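Here the structure is laid out as structure tokens; the discussion comes afterwards.
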Amino acid sequence: MTIVPKHIPRTIALVGLMGAGKSAVGRRLAAQMGLPFIDADTAIEAAAGCTIEEIFARHGEPEFRDGERRVIQRLLESEPVHVLATGGGAFVNEQTRARLKQQAVTIWLRADLETLLERVAKRSNRPLLKQGDPRMVLEKLIADRYPIYAEADIVVDTAPGPVEETVERVLDALTGFLDHESSLTERTAAS
């Protein structure tokens, strides 16, 4: 039985590649923690009045990334503590990454290539995968982004199997992280 942390000092932000399970894990994690869940991609689509795929087609990736940065900034500043599933490229943006690291506990959901391929095959609305062979695109994204995702506060491996198993691993890692952070704060205050 996983214990849910009693005090959540700030937003919990899930980062990782498409198919890592950020939305599925995020929804269940938020429910277990009694927190609101926000999917950044859904918030971006609501703000833009169109789908992410349409934003990419009409304005290109740089414009999408700029809008993504603004939406995440707004969510971090205006929403109460929540679980936030970010888009796969959000944490790669230096400004967004700095803001997330400052205002949230960041958790990288790390998945291997085969797991990602299996999961992304279930949806056809991923603009980056339309730029070539999905395996090659994901291999390049792994090479480019995994060193950046490694800057997250917590790393949790996700694999095929019940989402609840990954949620338990996230809760365990989060509890350990928050306990450690709390003890550091107490030691600093005592000195």
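By convention here, the first residue in the shown sequence is residue 1. Being a predicted model, the structure only gives us computed values, none of them experimental.
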Flag side-chain contact, heavy atom, 4.5 Å: I55 against E61: no
Spacing of CG belonging to D133 relative to CG belonging to L138, to within rounding of 0.5 Å: 9.0 Å
Qualifying residues under side chain to side chain donor-acceptor pair (under 3.5 Å), relative to E139, sequence neighbours excluded: none
T158 side chain reached by T115 side chain, heavy atoms, under 4.5 Å: no
ring-ring contact (aromatic ring centres under 6.0 Å, His included) contacts in which one or both residues fall within residues 57-82, not counting sequence neighbours: F56-F64
Side-chain heavy atoms of T11 within contact of L76, under 4.5 Å: yes
Residues that R69 engages under side chain to side chain donor-acceptor pair (under 3.5 Å), provided they are two or more places apart: D66, Q95
Salt bridge (charged side-chain N to carboxylate O under 4.0 Å, His left out) against E63, all qualifying residues, sequence neighbours excluded: none
Flag for T175-D172: side-chain donor and acceptor within less than 3.5 Å: no
Residue of the set D157, I154, V25 for which side-chain contact (heavy atoms from CB on, under 4.5 Å) holds with L109: V25
Pairs meeting criterion ring-ring contact (aromatic ring centres under 6.0 Å, His included) with involvement of residues 10-39, two or more places apart: none
K22 side-chain N/O to G87 backbone N/O, donor-acceptor pair under 3.5 Å: no
Whether R145 side chain and G88 backbone form a donor-acceptor pair below 3.5 Å: yes
Counterpart residues, side-chain contact (heavy atoms from CB on, under 4.5 Å), relative to A90 (two or more places apart): E68, I72, T86, T96
Residue pairs involving residues 81-99 (criterion salt bridge (charged side-chain N to carboxylate O under 4.0 Å, His left out); sequence neighbours excluded): E77-R99, R97-E151
Min side-chain heavy-atom separation Q32-R28 under 4.5 Å: no
Residue pairs involving residues 85-113 (criterion ring-ring contact (aromatic ring centres under 6.0 Å, His included); sequence neighbours excluded): W108-Y146, W108-Y149
Residue pairs fulfilling ring-ring contact (aromatic ring centres under 6.0 Å, His included) with at least one residue in residues 158-178, sequence neighbours excluded: none
Side chain to side chain, L174 and M33, heavy atoms closer than 4.5 Å: yes
Short side-chain to backbone donor-acceptor contact, E54 and T51, under 3.5 Å: yes
Reported CG-to-CG distance for the pair N93 and L100, which is rounded to 0.5 angstrom: 9.5 Å
Test side chain to side chain donor-acceptor pair (under 3.5 Å) applied to D41 - qualifying residues, sequence neighbours left out: none
Results of salt bridge (charged side-chain N to carboxylate O under 4.0 Å, His left out) for R10 - residues two or more places apart only: E181
salt_bridge(R135, E114) N-O dist < 4.0 Å: yes
Heavy-atom side-chain proximity of L116 to I142 below 4.5 angstrom: yes
Side chain to side chain donor-acceptor pair (under 3.5 Å) partners for E118, two or more places apart: none
Check: K101 main-chain N/O paired with T106 side-chain donor or acceptor under 3.5 Å: no
Residue pair L84 / L75, side-chain heavy-atom distance below 4.5 Å: yes
